[in-house]
Amino acid sequence: MDFDVIVVGGGPVGALLAAELRLGGARAVVLERLTEPSGHSKAFRLQPRTLELFDQRGILERFLEGNRIWPRAHFAGIEPLLELDRLDAAHPHALLIPQARTEELLEKHALDLGAEIRRGHELTGLAAGGDEVVARVRSAAGEYELRAAYLVGCDGGRSTVRRLAGIGFTGTDPSVSALLGDVELPEPGQLPAGVPGTMRTPRGLLMAISVLPGVTRVLTTEFDRPLPDRDTPVTLDELRTTVERVTGLQVTMREPRWLSRFTDATRLADEYRTGRVLLAGDAAHVHFPIGAQGLNLGLQDAMNLGWKLAATVAGWAPDGLLDSYGAERRPAAVRVLRETRAQVALMNPEPRVDALRDLVGDLLALPEVNLWLSRELSGLDVRYESMAGDAGHPLVGRPCPALTADAGAGPVPAATLLRNGRGLLLLPPDATDPATAGWADRVDVLPDVRLDAGDRSDVPAALLLRPDGHVAWAGATGPDGAAALGAALHRWFGAPHELTSTVDHAQNRGTS
Ligand SMILES: Cc1cc2nc3c(=O)[nH]c(=O)nc-3n(C[C@H](O)[C@H](O)[C@H](O)COP(=O)(O)OP(=O)(O)OC[C@H]3O[C@@H](n4cnc5c(N)ncnc54)[C@H](O)[C@@H]3O)c2cc1C
């Protein structure tokens with residue numbers, strides 16, 4: 001084998017996955033067909049859950065530097081806005097950051113951790129056999145083969161990996177035609193202001209968002225136009241004409257930084273894994289880019305998959321660990337697809353949708369509804385049901401809540417103790433020894449810790465976190481708790497060392 005894992009696609013998801021694989025000790029290579037980053041930014045917003053994940057790994061500060069946070073979000077451009085600052089979260093706001101910068105920082109993070117990134121190397125074929133995957137790669141120096149135990153397609157919505165692996169991509173065809181232009185508007189006031197400034201007319205929808213100093217992203221969505229070929233380049237003239245058709249306004253635009261077109265094609269991979277080939281990010285799910293979801297969903301895929309795949313190649317993964325990736329992340333994508341489809345339906349300019357928008361506006365004014373949707377769109381409201389089935393505590397399966405851990409040196413956010421990408425067991429001062437020594441190479445144990453979350457009522461005495469920050473077990477360490485904790489350790493971190501060596505001895509005796 002040349003590597004443990006080949007990651008195809010060096011976009012944001014591929015880069016974060018490579019970093020997570022390295023953190024788990026796997027030898028990872030990233031194949032990226034572009035020789036240089038494109039410099040364009042599709043996404044401009046990172047959600048609260050993604051900020052938590054970066055904080056867990058100690059890299060959040062570099063993303064915050066020079067970028068703005070925003071405590072609001074919108075749903076289909078309807079007022080009132082979502083109030084993210086009411087979330088009970090470590091970072092109750094979005095971060096406005098160009099995707100190009102996010103990609104640059106994640107690539108550096110992966111390189112710092114020792115991942116190899118091969119730019120100008122394109123995957124053209126793959127063969128997955130019993131114990132390896134062979135990738136066919138094209139580069140300027142010629143074609144070559146690369147062998148690894150696993151291969152992950154992070155190669156975007158038109159994924160070559162997905163096609164070569166024969167994984168179906170089921171969903172709905174495009175029905176709307178959207179244009180995007182990052183442009184200068186020399187005559188301010190021609191387009192509606194707001195975050196985003198939204199205009200819905202009988203002919204379509206326009207959104208204008210200030211994305212960089214002096215640069216506005218102008219987005220048009222039309223519901224009744226013939227769908228153009230997605231690969232036909234957009235011109236500034238086409239954007240101008242479309243803005244005029246939708247709004248009736250003649251808007252002066254110049255110096256386009258980036259022009260593109262997209263649709264509401266919405267699809268989900270039938271499976272996230274087939275044998276030794278897996279999918280993550282846009283390769284596994286595509287939808288209309290509304291509500292700042294796709295990149296965040298993909299980064300959360302990478303965080304879920306990285307430690308599981310690293311554990312698998314390291315040999316300590318318990319049965320079913322790798323398959324829990326798809327079991328957990330596919331339902332998360334189903335929810336995002338539902339939200340984005342709902343928003344597209346609400347953006348439709350048909351007058352009969354007006355009543356529905358009015359009604360949704362009234363609902364958004366209700367604090368509980370506003371909070372529920374904020375949780376949903378921020379990525380915080382994920383509960384992995386297969387985990388929740390294990391134990392009674394309501395936190396199990398959820399991301400670690402915003403609580404502090406004090407081991408004597410003062411309180412720190414509990415999730416930030418996950419920097420090294422291992423499991424983490426936080427035990428209270430009076431805990432009896434729960435016999436965790438067998439997992440010492442996979443799980444860090446911090447004794448004498450007091451957990452605190454202000455007036456939250458569901459704070460447990462002890463907490464077991466997976467490397468991705470989800471709660472694997474929560475409770476007290478009495479006899480019942482110790483049994484449940486032991487079960488959770490086996491379930492997520494495999495057999496403890498003592499048992500492994502007993503099995504090894506038995507196997508050795510059997511074969512000698
Ligand atoms: C207009 C717009 C606005 C958006 N805004 C937001 C937002 O605010 N927030 C948000 O969360 N999401 C947003 N998204 C979605 C977000 O941009 C994507 O979800 C994100 O880029 C997905 O990342 P990825 O790494 O999975 O795929 P990609 O970014 O598509 O990266 C895939 C990489 O794989 C490479 N590749 C492809 N094929 C091969 C091959 N055969 N061999 C080697 N390399 C290959 C490509 O060159 C590329 O670098 C937006 C999307 C659009 C279109």
Side-chain angles (χ1 to χ4, degrees), residues 6-18 29-51 70 73-74 94-100 102-103 106-107 110 117-126 135-139 146 151-165 178-182 196 207 209 211 217-221 230 234 258-265 269 279-302 305 333 336-337 339-340 377-379:
I6 298 169
V7 177
V8 182
V13 175
L16 181 61
L17 177 64
V29 63
V30 179
L31 304 175
E32 168 53 56
R33 71 176 166 204
L34 299 179
T35 49
E36 294 292 332
S38 76
H40 302 313
S41 289
K42 289 188 279 187
F44 268 91
R45 193 145 37 111
L46 294 180
Q47 299 286 7
R49 177 62 186 145
T50 305
L51 303 186
W70 192 45
H74 74 89
L95 176 67
L96 305 183
I97 175 171
Q99 181 167 332
T102 298
E103 289 178 13
L106 289 175
E107 180 171 316
I117 299 184
R118 297 187 182 179
R119 286 200 161 271
H121 291 240
E122 178 176 10
L123 176 101
T124 55
L126 73 85
R136 186 104 203 122
V137 187
R138 183 164 54 213
S139 74
L146 206 55
L151 180 145
V152 188
C154 301
D155 51 344
R158 300 186 195 187
S159 169
T160 303
V161 173
R162 190 182 64 230
R163 178 173 54 76
L164 292 173
L179 290 188
L180 165 162
D182 289 341
M207 285 188 178
I209 312 161
V211 285
R217 171 158 290 182
V218 177
L219 293 155
T220 58
T221 309
R230 261 204 64 188
V234 182
W258 186 41
L259 296 163
S260 183
R261 68 178 83 243
F262 53 95
T263 72
D264 63 337
L279 300 176
D282 276 16
H285 38 71
V286 294
H287 53 79
F288 192 69
I290 182 94
Q293 297 292 294
L295 169 60
N296 288 275
L297 186 65
L299 294 175
Q300 290 156 34
D301 289 346
L305 175 59
V336 169
L337 266 48
E339 284 144 30
T340 50
L377 265 71
S378 62

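For ligands, and for the atoms within them, numbers begin at 1 and follow the listed sequence. As a basis for the values below, the full set of heavy atoms in this structure was taken, side chains included, without hydrogen atoms, waters or symmetry mates. Here the structure is a predicted model, which means the values were calculated and not measured.
Residue Val8 touches ligand 1 through its side chain alone, judged by heavy-atom distances below 4.0 Å. Contacts of Arg158 with ligand 1, taken as heavy-atom pairs under 4.0 Å, are absent altogether. For Gln293, every heavy-atom contact with ligand 1 shorter than 4.0 Å involves the backbone, none the side chain. The proximity of Leu295 to ligand 1, defined as any non-hydrogen pair under 4.0 Å, involves the side chain as well as the backbone. At a heavy-atom distance under 4.0 Å, atoms from both the backbone and the side chain of Asp155 approach ligand 1.
Close approach of ligand 1 to Pro12 (heavy-atom distance below 4.0 Å) involves ligand atoms 23 (O), 25 (O), 29 (O). Below 4.0 Å from some heavy atom of Glu122 lie the following atoms of ligand 1, by number and element: 40 (C), 41 (N), 42 (N), 43 (C).
Among Gly294, Gly156, Pro289, Ala284, the residue whose heavy atom lies closest to atom 2 (C) of ligand 1 is Pro289. For atom 53 (C) of ligand 1, the candidate residues are Lys42, Arg261, His40, Glu32; the nearest heavy-atom contact is made by Lys42.
Ligand 1 does not have Gly298 within reach: every non-hydrogen atom of the residue lies 4.0 Å or more from it.
The shortest N/O to N/O separation between Leu123 and ligand 1 falls below 3.5 Å. Inclusion of Glu103 in the set of residues having an N or O under 3.5 Å from an N or O of ligand 1 is not warranted.
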